[in-house]
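Reckoned from all heavy atoms, side chains included, excluding hydrogens, waters and symmetry mates. Reminder, nothing fancy here: chain letters follow the sequence lines and each chain counts from 1.
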Amino acid sequence: MEKILEVKDLQIDFDTFAGSVKAIRNVDFHLNKGETLAIVGESGSGKSVTVRSIMGLLANNAQVTSGSIDFKGRDILKLSNREIEKIRGNDISMIFQDPMTSLDPTMPIGKQVAEPLLIHGSMSKKKAMARAEEVLELVGITNAKNRMKDYPHQFSGGQRQRIVIAIAIVNYPEILIADEPTTALDVTIQAQIIDLMKELQNKIETSIIFITHDLGVVAGIADRVAVMYAGKIIEYGSVDEIFYNPQHPYTWGLLNSMPTLDTDSDRLYAIPGTPPNLLNPPKGDAFAPRNPYAMAIDYEAMPPFFKISDTHYAATWLLHPDAPKTEPPVAIKKRQAEFQRLVAEGKINQPEYEEEGGVKDDAE
Amino acid sequence: MMQNNPQPQERKKLVEVKHLKQYFNAGRRNEVKAIDDISFEIYEGETFGLVGESGSGKSTTGRSIIRLYTPTSGEIEFNGTDISKIKHKDMLQFRREMQMIFQDPYASLNPRMKVKDIIAEGLDIHHLVKNEAERDARVNELLDLVGLSHDHATRYPHEFSGGQRQRIGIARALAVEPRFIIADEPISALDVSIQAQVVNLLRDIQKEQNLTYLFIAHDLSMVKYISDRIAVMHNGRLMELSSADEVYNHPLHPYTKSLLSAVPLPDPFYERNRHRKGYDDRIETDGQLRSLKEIVPGHFVLATEEEVAGYQAAAEEYHLDD
Ligand SMILES: Nc1ncnc2c1ncn2[C@@H]1O[C@H](COP(=O)(O)OP(=O)(O)OP(=O)(O)O)[C@@H](O)[C@H]1O
Ligand SMILES: Nc1ncnc2c1ncn2[C@@H]1O[C@H](COP(=O)(O)OP(=O)(O)OP(=O)(O)O)[C@@H](O)[C@H]1O
Ligand SMILES: [Mg+2]
Ligand SMILES: [Mg+2]
């Protein structure tokens, strides 16, 4: 598979009044051409900061202290502002988490959607406006023709988000980064947007990075999933591996916190405690204080990635050969049983496992 | 969650919405009938869930109740008083009793204010703290309550992630100890684990303080979990209204059925093979007059006189199956 983007050893700090916040701590991942990679994880774990760095859109107080982001043979982190502007909104587009701040309140929406076409292309204004109207229809703005001259505040939260999506896709980008693009949307529109993204993906082989809290959406859209906690990726794998055979206790907690339509208990399961203070990150596994399965070593040393299959890795000491055998929570065991069943019935593929050894070497 | 509560008719109505209409740009080319004649009531101590697709008028409903708009027609009563007739001297009290947690955590926090001043704004306006020390103590208590740490107090909103900002908004709403909270998608920006924390939190405070909520959301599993009753909204009208369990287990209106069939589940195999029910909206646009009709006790559906029998038969079938 062709890698279209590769992030290596990314480390980002923020200078704040209280000190230096270690927001991203040695993140590695790649994006294959035409795939959808979902990034999930705790609020504040660094999902937005990671993807903003790909767009060259970090806050002024951010400092990239190490790493590289390879896109088509060039390191994005080394490009000049002008070079990045050429990529942004053209080759790589981003849908931001906050729809209101990414729309210009003083400009009619038709014009805003047409703008990327006029900046990056050589399209006539008339053609660009026609295309804008078409894309607005496509994202489900009813009566788009008559609403082109309306301003953002005249639309509902979800409609604004769809306008933002229209701006991001009007240019058919190679990589589309969507930071919680559907959190403001109801399930029907959400389903439409997701279908729309899949269609776009088929049509022009767009590769998508999708950030969302909604694990149901992830299950429906992702090919692969990366799970973040406290500035690190702690587990990644194919969508089936993460949902049916999760290994990291944080991933377990995440999957357990979701109510389903039949949840009837008086309280929802919530992971106890709060995330660590990144002004002073802990030296071992950052999840340890909240982890009922934590061992002494979790407080001492950062776990490396252990390999579960060719596509599935998790950074938890529980996978060390010497670790005592543990029973995951009941709901997770149910998922693992479901995994066995689906594989046995040939409904999903058995993940492959090649080469010797357990610990993933650092070079990859 | 209804079980523990007395029957609705014995309960006190805290909010009553009567034939509310809210049109924007009335009579113009871009006219929007955001709310088109809706009526419902919210009982003291309950959580009333409002669901429906984007643009259906949920936020507008909330904003009308908290007096951000003047209705095109219709009435809203809070605690027995028509809110458009609240006297100037009672306005401050009204503002304290009713709070809103806004949908957009970015636009609703003043970027130039420190977190502690955002949270304490209501405390100052309503003179709820006597001095700086008491003010700080209360702010810290609220930060604890929503799962933020004390050293966040002196930071500015832009230094926070989306979910952290939403919790600042929740702390601000809780600060003045309101009676009624309109929560407009209060958890959609949060990750699931914190969603669970916030939902547990909202329920705990509800029990402690007999709070009433209007809970607007599109995450149907969460709405079902938290709500006593639920109204389903589409195109500015209510399609169906009943207890949470009824709406989920025995949906009657085709729109509700279609909405339920689209709920994404955290199960990749199911998602790859899911079958969504389509929705034919001619049932709303055929020009026939429809209003909410009680099909079985406590379960209302938007229908014509003729359609009632069909819905009743469908409801009966459900109960035979149970
Ligand atoms: N400009 C900034 N200055 C200081 N700290 C920052 C800044 N921007 C982000 N942070 C911190 O960096 C960490 C990661 O933030 P980020 O926005 O990436 O989180 P996230 O994973 O996207 O969370 P959410 O799911 O809530 O959106 C957080 O702890 C946040 O407080
Ligand atoms: N100030 C306004 N001027 C004109 N139209 C408006 C205004 N505010 C809302 N609308 C329109 O009213 C309708 C209902 O909007 P509302 O914000 O209530 O929807 P919603 O149900 O909250 O949707 P979402 O789930 O997307 O937040 C939409 O069609 C919207 O475009
Ligand atoms: Mg974010
Ligand atoms: Mg809304």
Side-chain angles (χ1 to χ4, degrees), chain A residues 14 16-18 40-44 48 59 97-101 142 146-147 150 154-159 161-162 180 183-191 213-220 239-240 243-244 253-255 257-261 263 267-271 274 277 338 342 347-348, chain B residues 24-25 29-30 32 51-57 59-60 103-107 147 149 151 154-155 158-164 185 188-197 199-200 203 218-222 224-225 248 258-260 262-272 274 276 279:
Chain A
F14 286 103
T16 71
F17 185 66
V40 301
E42 188 88 359
S43 170
S48 297
Q97 193 169 358
D98 41 348
M100 248 347 224
T101 52
T142 40
N146 286 321
R147 298 203 72 177
D150 284 353
Q154 292 170 304
F155 292 86
S156 78
Q159 287 168 331
Q161 189 60 318
R162 280 178 276 160
E180 307 201 18
T183 32
L185 303 178
D186 63 279
V187 288
T188 23
I189 306 286
Q190 190 173 293
H213 295 304
D214 190 329
L215 296 174
V217 169
V218 175
V239 67
D240 290 341
F243 279 84
Y244 296 126
L254 199 61
L255 285 164
S257 316
M258 264 201 78
T260 64
L261 287 178
T263 303
R267 295 187 77 70
L268 293 173
Y269 174 78
I271 300 172
T274 47
N277 184 345
E338 178 76 359
L342 289 168
K347 289 185 171 144
I348 59 179
Chain B
F24 294 108
N25 311 317
R29 180 180 51 85
N30 52 355
V32 180
V51 302
E53 67 182 43
S54 170
S56 58
S59 296
T60 307
Q103 182 168 4
D104 187 341
Y106 291 90
S149 64
D151 60 71
T154 50
R155 298 219 227 152
H158 74 266
E159 295 176 36
F160 291 89
S161 76
Q164 290 166 330
E185 316 239 0
S188 35
L190 308 178
D191 63 278
V192 279
S193 169
I194 289 165
Q195 279 186 8
Q197 280 173 21
V199 165
N200 288 339
R203 287 184 73 160
H218 60 265
D219 178 342
L220 293 156
S221 14
M222 205 52 104
K224 170 179 185 255
Y225 179 76
Y248 283 90
S258 154
L259 204 61
L260 286 171
V263 178
L265 297 181
D267 181 340
F269 183 72
Y270 171 86
E271 282 298 322
R272 282 195 285 270
R274 84 148 52 241
R276 270 186 233 122
Y279 173 60

Peer 1: Identify whether NZ of Lys or CZ of Arg in R203(B) sits under 6.0 Å from the centre of the six-membered ring of Y225(B) and within 45° of that ring's axis.
Peer 2: yes
Peer 1: Relative to chain B, which of V217(A), D240(A), N277(A), L215(A) shows the most heavy atom pairs under 4.5 Å?
Peer 2: D240(A)
Peer 1: Please look at F24(B) and chain A and tell me whether the side chain, the backbone, both or neither of the residue comes under 4.5 angstrom of a heavy atom of that chain.
Peer 2: neither
Peer 1: Is T16(A) in contact with chain B via its backbone, its side chain, both, or neither, using a 4.5 Å heavy-atom distance?
Peer 2: side chain
Peer 1: Given heavy-atom pairs under 4.5 angstrom as the criterion, report whether the side chain, backbone, both or neither of V218(A) touches chain B.
Peer 2: neither
Peer 1: Side chain, backbone, both or neither: which part of V51(B) has an atom under 4.5 Å from a heavy atom of chain A?
Peer 2: neither
Peer 1: What are the two closest heavy atoms between Q154(A) and N25(B), and how far apart are they?
Peer 2: NE2-ND2, 4.1 Å
Peer 1: Out of S258(B), S59(B), A196(B), return the one with the most heavy atom pairs under 4.5 angstrom to chain A.
Peer 2: A196(B)
Peer 1: Heavy atoms, side chains only, cut-off 4.5 Å: are L265(B) and E271(B) in contact?
Peer 2: yes
Peer 1: What part of N30(B) gets within 4.5 angstrom of chain A, counting heavy atoms only: side chain, backbone, both, or neither?
Peer 2: side chain
Peer 1: Tell me, please, whether F155(A) has R147(A) positioned over its six-membered ring: NZ or CZ under 6.0 Å from the ring centre and within 45 degrees of its axis?
Peer 2: yes
Peer 1: At a 4.5 Å cut-off on heavy atoms, which part of L342(A) comes close to chain B: side chain, backbone, both, or neither?
Peer 2: side chain
Peer 1: Chain B: which of F14(A), F243(A), Y244(A) shares the most heavy-atom pairs with it under 4.5 Å?
Peer 2: Y244(A)
Peer 1: Output the option from A59(A), A18(A), G253(A), S156(A) having the highest count of non-hydrogen pairs under 4.5 Å with chain B.
Peer 2: S156(A)
Peer 1: For D214(A) versus P264(B), what's the shortest heavy-atom pair and its separation?
Peer 2: OD2-CG, 4.2 Å
Peer 1: Which answer fits I348(A), side chain, backbone, both or neither, if we ask what part of it has an atom under 4.5 Å from a heavy atom of chain B?
Peer 2: side chain
Peer 1: Using heavy-atom distances under 4.5 Å, tell me whether N146(A) contacts chain B through its side chain, its backbone, both, or neither.
Peer 2: both
